[in-house]
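Notes for the one structure printed next.
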Amino acid sequence: MQAPDSLIELGFANPAVAFAPFESMSSKFAFEVLGATSSNGRTSVANHSNDPEEPLVGRPGQRLDWSSLMASGQAGDTDAYRRLLETLTPYLRSLAVRRLGDRSDAEDVVQEILLTVHAIRHTYDPKRPFGPWLIAIASRRIVDRIRKRGRDYRRESALLEDDETFDLSPANLSETALDARTVREAVNRLAPAQREAVRLLKLEEMSLKEAAAASGMSIAALKVACHRGLKALRKRFR
Amino acid sequence: MIETPDLIRLLAASGSPVRPLRAPHVRAFGWLAFAAALLVMLAIHHGLRSDLDTQLGRAGFVVSIVASALTGVLAATAAFTVSVPGNSRQWMWLPVPALVVWLWTVSYGCLTHWVSIDPEGIALGTTARCFATMTLASVPLSLVLLVMLRHAAMFRPVLAMTLGSLAVAAISASALSLLHDLDATVLILIWNVGAATAIVAAGAIFGRSYLARLSPSLTSR
């Protein structure tokens, strides 16, 4: 008995044959899905690609038998096994993209399918068709990914406009900007000499020499005015 | 993330020879043979129930024991079959008819008799002795089945383990029916459903982490 359910999960089911015997149904679908042909109980893959000008498997007319490749792989033929995995990948990718849409997700799933195929390759019986075996594994991993995606979506919420921020620092420093304005207003209310001294020495961070040159005040007068200005500001903000 | 061609290269390089699994019914037969051997050993050690001759004359007892044994055989076959990719999950219905008949014959049996209090003092009741026999029967069966179905962790862990636990429960119940005077079905089902839940939970956790472990071990080569 073969599996139609995995194919149905993947969306390949044809309702017209839903009541057909499992054996014929699964093989038929597997061959249809994988672009494979069956002869003597074996699954052979014909050239099959989205672009008929560019066959994925070998040269035109050439057939690659996945079942035989897997049997060789099980026996330890690493070259046959590598060829099998390489030829499976485009089909798995197309299945995953069709079901998941997202190419990046699909590539992750393809890798998970390849890992599963590798881990349980001993469960494949070379006397049976390869298609249903592969599709069952692929279906399982794709459904797992869809469920995971559903769980992730439930945990996440849409980003509100209020949460948005900008990469320019002034946009993210509103509190600092407000503080600076208050300080400037307080400085403007100081006596003219104190205001000038605080502006030059503290806000514009000039040296005493530069501030003296700019204001025409002596260094001692600047020091006294700045000291008194700061004292007045401190009193105002207390 | 590793590139797919690199992953293929690594997988191919680690493609050591593997022996394909035997057909599911052959593997189920192997497990059932082990179960039968275990049952024989328990019977030799414990002895058959004293009223077995009388019970075998009762239609209810015969139906119950045949139904539980059949449930065990069919559930084991179904467990081994669904654990192989490419086989239909509809196989899970295989043991259901026998299970229905078996459950129909269930009685509370030794579920309620944990401790016996009599003039000679407090002693372990039939339930405790049932429990001991059941543990002796079901733990080895569960462990062997778990090892034989370990590949299902990557494919259908819940279904395979549920069917496997049902097989263990049914076989254990058959064994106890032959060994103990009271019907232990409810006790066995409660025990095995609990065990099945634990196994399935472990399978769900370790099945995924196995895949995750496999991936770094390949990518780190």
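Below, chains carry the letters A, B, ... as their sequence lines are ordered, and counting in each starts from 1.
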If you take all heavy atoms of B/R19 and A/H122, which pair is closest and at what distance?
O-CB, 3.7 Å
In this structure, are over 12 heavy atoms from other groups packed under 6.0 Å from B/F61 atom CZ?
yes
Looking at A/L134, A/I137, A/T116, which hits side chain to side chain contact (heavy atoms under 4.5 Å, CB included) with B/P85?
A/I137
For B/H25, I'd like to know if atom NE2 has over 12 heavy atoms of other residues, nucleotides or ligands within 6.0 Å.
no
Begin from the C-alpha positions of B/N87 and A/R128 and carry the test side chain to side chain contact (heavy atoms under 4.5 Å, CB included) through to its verdict.
CA-CA 11 Å; B/N87 288 331; A/R128 305 189 65 191; 3.1 Å; yes
Could you report the tightest heavy-atom contact between B/L11 and A/H118, atom names first, then the distance?
O-CE1, 3.3 Å
Closest approach of B/E3 to A/Q111 (non-hydrogen atoms, all atoms of both residues)
C-NE2, 3.7 Å
With a 4.5 angstrom heavy-atom cut-off, which part of A/L85 approaches chain B: side chain, backbone, both or neither?
both
So CD of A/E107 and OG1 of B/T4: to nearest 0.5 Å the spacing works out to 3.5 Å
Can you name the closest pair of heavy atoms from B/S16 and A/R121 and give their distance?
O-NH2, 2.8 Å
Side chain / backbone / both / neither for A/T89 at chain B, heavy atoms under 4.5 Å:
side chain
Where B/A12 and A/Y81 come nearest, the two heavy atoms and their spacing:
CA-CD2, 3.7 Å
B/L10 CG to A/L114 CG distance, which is reported to the nearest 0.5 Å
11.5 Å
Between A/L84, A/V117, A/T123, which has the largest tally of heavy atom pairs under 4.5 Å with chain B?
A/T123
Taking every non-hydrogen atom, the tightest pair across A/Q74 and B/P20:
OE1-CG, 3.5 Å
Count the heavy atoms belonging to other residues, nucleotides or ligands that lie under 6.0 Å from CZ of B/R22, then report whether that count exceeds 12.
no
